[in-house]
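Working notes, beginning with the structure itself.
Quick caveat, the model's predicted, so the values are computed rather than measured. One-based numbering, in listed order, for ligands and for the atoms of each.
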Amino acid sequence: MKKLLKIALLSSLPLLMFSCYYDEFPEVVEQEDVVIPPETIVSFADDIAPIFATYNCTQCHNTSGQNPDLTAGNAYASLLSGYVTPENSTSSKLYIQLADNGHRNVDANSIALIKKWIDDGAENN
Ligand code: HEC
């Protein structure tokens, strides 16, 4: 019985270490790997807003919740009131929060789309 316990403890050790490793070092988003062709026109309605739906951003970012309000119909105005600086993704809170802070682990392709949309002028297109 004692021996069994030892085996159980020993075999769970790597598992414990592995889970700690993941807690300490969350996966880094390698968005450099994603290239959106320069001629591509990124649409707010068709490309950006659906990202907020996919990741359930509105669970927290809604009209009575956390700013920016990312609900359909409100997202654009809310983002442009301080979270997105047109033509300057690297100084835009939306981009910094997702690309640098790893907020909600958004996939590299979505982050690249957001970057291009902002750098192309953040239009309500
Ligand atoms: C579980 C709740 C939750 C979800 C889901 C969530 N957020 Fe947030 N978000 C927060 C909180 C809390 C803050 C404020 C604290 C902080 O900056 O982390 C925040 C802050 C932000 C900010 C402002 C950062 C700043 O510098 O002021 C942006 C932009 C943002 N979130 C975008 C998003 C997007 C886009 C999604 C979906 C991909 C998302 N959030 C999903 C809770 C959430």
| remark: One finds that the ligand 1 atoms under 4.0 Å from a non-hydrogen atom of Leu94 are 29 (C), 35 (C)
| Asp107 side chain near Thr54 side chain, heavy-atom distance below 4.5 Å | no
| query | Donor-acceptor pair, Ser92 side chain versus Leu94 backbone, under 3.5 Å? | reply | no
| message | I'd like to know if atom 8 (Fe) of ligand 1 has an N/O/S atom from His61 within less than 2.8 Å of it, counting both backbone and side-chain atoms. | response | yes
| note | Nearest non-hydrogen protein atom to atom 23 (C) of ligand 1, with distance, is Tyr83 CE2, 3.8 Å
| How far is atom 5 (C) of ligand 1 from its nearest protein heavy atom, and which residue and atom name does that atom have? | Arg104 NE, 3.3 Å
| task | Would you indicate whether the side-chain heavy atoms of Asn74 and Pro68 approach each other to under 4.5 Å? | result | no
| query | So among His103, Gln97, Arg104, which one has a side-chain hydrogen bond (donor to acceptor under 3.5 Å, both in side chains) with Asn101? | reply | Gln97
| Below 4.5 Å, heavy atoms only, C-beta onward: do Asn109 and Ile36 meet side chain to side chain? | yes
| task | Considering only non-hydrogen protein atoms, determine which one is nearest to atom 14 (C) of ligand 1 and report residue, atom name and distance to 0.1 Å. | result | Gln66 NE2, 3.3 Å
| request: Check Val106 against ligand 1 and report side chain, backbone, both or neither, counting heavy atoms closer than 4.0 Å. | output: side chain
| said: Can you report which non-hydrogen protein atom sits closest to atom 34 (C) of ligand 1, along with the distance? | reply: Cys57 SG, 3.4 Å
| remark: When distances are taken from atom 16 (C) of ligand 1, the protein heavy atom at minimum range is Gln97 NE2, 3.5 Å
| query | Just checking, any donor-acceptor pair under 3.5 angstrom between side chains of Asp100 and Tyr95? | reply | no
| query | Does some non-hydrogen atom of Thr58 fall short of 4.0 Å from ligand 1? | reply | no
| task | Give yes or no for whether the N/O distance cutoff of 3.5 Å, strictly under, is met between Lys93 and ligand 1. | result | no
| Option set Pro68, Cys60, Gly65, criterion heavy-atom distance to atom 4 (C) of ligand 1, minimum | Cys60
| message | Under a plain distance cut-off of 3.5 Å, with no hydrogens placed, do Asp119 and Ser89 share a side-chain donor-acceptor pair? | response | yes
| remark: So OH of Tyr76 and CG of Asn125: to nearest 0.5 Å the spacing works out to 8.0 Å
| Check: Ser78 side chain, Ala75 main-chain N or O, donor-acceptor pair, under 3.5 Å | no
| task | Any atoms of ligand 1 less than 4.0 Å from a non-hydrogen atom of Phe52? List them with their elements. | result | 35 (C)
| query | Is there any N or O on Asn56 that sits under 3.5 Å from an N or O of ligand 1? | reply | no
